[in-house]
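Worksheet: one structure, shown below.
Model, not experiment: these values are computed from the prediction.
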Amino acid sequence: MSIPFPIFIQQLVMQTSAWGMDELLGLIILYIAFNLSDIIFIYIGYIRAIPECNGGNHHKSWCME
């Protein structure tokens, strides 16, 4: 079962407020920390979708040989 993001982030915002990080910079760091894993998986999937150059004639226009 998954916890919806707004409920999850509300608790974290309350905790950062208790730590004194309730300004814009603290919230930016919080959002980056929790979304970085999704961004990495999307980027890796994009890179793996690019065809490789094997030295053959297949996709020769893609190769930088």
Listing, residues 34-41 side-chain donor-acceptor contacts under 3.5 Å, not counting sequence neighbours, or none:
residue, atom, partner, partner atom, Å
N35, ND2, Y31, O, 3.1

Cluster overlap L24 with I32, hydrophobic side-chain contacts below 4.5 Å: yes
Using the test side-chain contact (heavy atoms from CB on, under 4.5 Å), find all partners of P6 that sit at least two apart in sequence or belong to another chain. P4
